[in-house]
Amino acid sequence: MVEELLAAAAAAGTAAVVYVAAAARVVKQYERGVVFRFGRLLRDVRQPGFTMIVPIVDRLHKVNLQIVTMPVPAQEGITRDNVTVRVDAVVYFKVVDAADALVRVEDYRFAVSQMAQTSLRSIIGKSDLDDLLSNREKLNQGLELMLDSPAMGWGVAIDRVEIKDVSLPETMKRSMARQAEADRERRARVINADAELQASKKLAEAAGVMSAQPAALQLRLLQTVMAVSAEKNSTLVLPIPVELLRFLERAAPTPGAPAPGSRPTAPPEIFQEPLPGLPAGPEALESAESPDTPESRVTTDLPDLADFPDLAALPDLPDDTMTGAPADPEPRNETP
């Protein structure tokens, strides 16, 4: 009898151990246990730690509540300003309701991945290229709102979405580089022009002070000479006052004008060296201005032969020579 009792107790202990081994479950801290009894969901979600289920009747599914990092494959699209780009992103999400994540969607990871890809394509089509490159924070918020709305029904919360990289065509990269270079050159020219304007104002103020104090200009000139001599000792600097240059400019005669203090001169063809016996000076000018008539040449232009003793020794010339008519030919001896 005692042996039978011991055998029954051993069998019961063995059955209990087997039952506990089959029903015992351990849920980790970052997990939640969802129990299905005969296919029906039990609303009490098992918390972390040791838990028991009914063997063969219950099925325990563990759901991870950690934040999942899911990369979104690069999506190629056309922006609102007609630029083809490739954009890839990364999504951070976690399960907030383990029961909904198992019941409402077949595979919540795949569902979130597909929703992220379609939302990323939609964001590319609604945005400009400049927004994709410089205003990513706003696009990230918009993409997060587009993903979070359907994911809440799946028991999933989107933690954040980040656009990771934007790939541009090579032609677009070169165009943007030229644009950036032109913009930097424009800003450099504006800065140089502004500096020239400020320097001109300061120089104008300095010129006003120096004009009131001439000694200041001399001191500035001496400082310049000292600076030049300190840099290059072999250079000889001879400063010329500006007042001297202005004086020489005022004293320089204009082309074609008579020099100061000089008498006007007549053209060279009028005042030539006169012949002996002919009037010189103003009389010659008057005779030159007199009408060219035979009477005037006879009465006024011909000098007196007595005034030319050298001409008296000349041989007598025929009368025709003076008048310019040809002389008669010498008579020929004609022989019969």
Side-chain angles (χ1 to χ4, degrees), residues 13-77 86-124 126-127 132 135-167:
T14 303
V17 171
V18 172
Y19 177 82
V20 170
R25 296 289 187 274
V26 176
V27 180
K28 297 179 181 179
Q29 181 65 37
Y30 55 85
E31 295 177 339
R32 297 294 183 268
V34 180
V35 179
F36 292 90
R37 181 167 294 173
F38 293 111
R40 295 177 61 89
L41 175 66
L42 298 181
R43 299 307 303 177
D44 54 339
V45 178
R46 304 300 172 90
Q47 298 299 318
F50 182 80
T51 184
M52 296 289 292
I53 61 173
V54 179
I56 303 174
V57 177
D58 295 341
R59 292 289 183 271
L60 178 66
H61 295 273
K62 299 178 182 178
V63 180
N64 193 339
L65 300 184
Q66 290 178 319
I67 295 178
V68 181
T69 302
M70 177 180 293
V72 180
Q75 302 296 313
E76 185 173 355
R86 289 178 59 88
V87 182
D88 56 352
V90 58
V91 180
Y92 303 89
F93 66 94
K94 64 180 179 179
V95 177
V96 294
D97 192 339
D100 291 342
L102 289 177
V103 174
R104 293 181 178 273
V105 63
E106 180 181 1
D107 187 354
Y108 64 90
R109 290 175 178 266
F110 182 75
V112 172
S113 176
Q114 295 299 315
M115 179 60 67
Q117 294 181 29
T118 55
S119 300
L120 184 59
R121 280 181 169 272
S122 178
I123 285 292
I124 293 174
K126 294 179 181 179
S127 304
L132 287 175
N135 196 11
R136 292 188 181 182
E137 189 65 27
K138 182 179 178 181
L139 297 180
N140 293 336
Q141 294 177 1
L143 188 58
E144 181 179 350
L145 291 176
M146 295 178 65
L147 290 175
D148 193 51
S149 178
M152 288 300 295
W154 304 335
V156 178
I158 304 298
D159 187 68
R160 63 185 305 175
V161 182
E162 294 287 344
I163 294 177
K164 187 166 58 174
D165 187 22
V166 178
S167 300

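- Considering all non-hydrogen atoms of both residues, Val96 and Ala157 come closest at CG1-CB, 3.7 Å.
- Closest heavy-atom contact between Ile53 and Tyr19: O-OH, 4.3 Å.
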Verdict with reasoning, Leu41 to Val34, per side chain to side chain contact (heavy atoms under 4.5 Å, CB included): CA-CA 8 Å; Leu41 175 66; Val34 180; 3.2 Å; yes
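- For the pair Leu139 and Ser127, the tightest heavy-atom approach, listed with the atom from each and the gap, is CD2-OG, 3.1 Å.
- Closest approach of Lys28 to Pro48, counting heavy atoms only: O-CB, 3.3 Å.
- Checking side-chain atoms of Ser119 against main-chain N and O of Ala116 turns up no donor-acceptor pair under 3.5 Å.
- You'll find the side chain of Val90 reaches within 4.5 Å of the side chain of Thr69, heavy atoms only.
- Looking at Val87 and Gln75, their side chains never come closer than 4.5 Å, going by heavy atoms from C-beta outward.
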Full working for side chain to side chain contact (heavy atoms under 4.5 Å, CB included) between Val112 and Leu147: CA-CA 8 Å; Val112 172; Leu147 290 175; 5.8 Å; no
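- Here Asp100 pairs with Arg104 under the side-chain hydrogen bond (donor to acceptor under 3.5 Å, both in side chains) rule; sequence neighbours left out.
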Trace of the side chain to side chain contact (heavy atoms under 4.5 Å, CB included) decision for Phe36 with Val103: CA-CA 11 Å; Phe36 292 90; Val103 174; 4.2 Å; yes
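- The distance from atom CG of Leu120 to atom CD1 of Ile163, rounded to the nearest 0.5 Å, is 6.5 Å.
- Note: Leu60 CG to Glu31 CD = 9.0 Å, rounded to the nearest 0.5 Å.
- The side chain to side chain donor-acceptor pair (under 3.5 Å) pairs that include a residue from residues 136-150 are Asn140-Glu162, where partners are two or more places apart or lie in different chains.
- Heavy-atom minimum distance, Phe93 versus Val156: CD1-CG1, 3.4 Å.
- For residues 48-63, the pairs satisfying side chain to side chain donor-acceptor pair (under 3.5 Å) are Arg37-Asp58, Arg46-Thr51, with sequence neighbours left out.
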Derivation and outcome, side chain to side chain contact (heavy atoms under 4.5 Å, CB included), residues Val95 and Asn64: CA-CA 7 Å; Val95 177; Asn64 193 339; over 6 Å; no
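- Contact check for Tyr30 versus Leu65: no side-chain heavy atoms found under the 4.5 Å cut-off.
- Distance check: Tyr108 OH to Leu102 CG gives 7.5 Å after rounding to the nearest 0.5 Å.
- A donor-acceptor pair is defined here as one N or O able to donate and one able to accept, closer than 3.5 Å; such a pair exists between the side chain of Asp88 and the backbone of Asp165.
- Within 6.0 Å of CD on Glu106 lie no more than 12 heavy atoms contributed by other residues, nucleotides or ligands.
- Nearest heavy-atom pair, Arg121 versus Glu76, reported as atom, atom and distance to 0.1 Å: NH1-O, 3.2 Å.
- No side-chain heavy atom of Met52 sits less than 4.5 Å from a side-chain heavy atom of Arg25.
- A distance of 10.0 Å separates CE of Met70 from CZ of Phe110, quoted to the nearest 0.5 Å.
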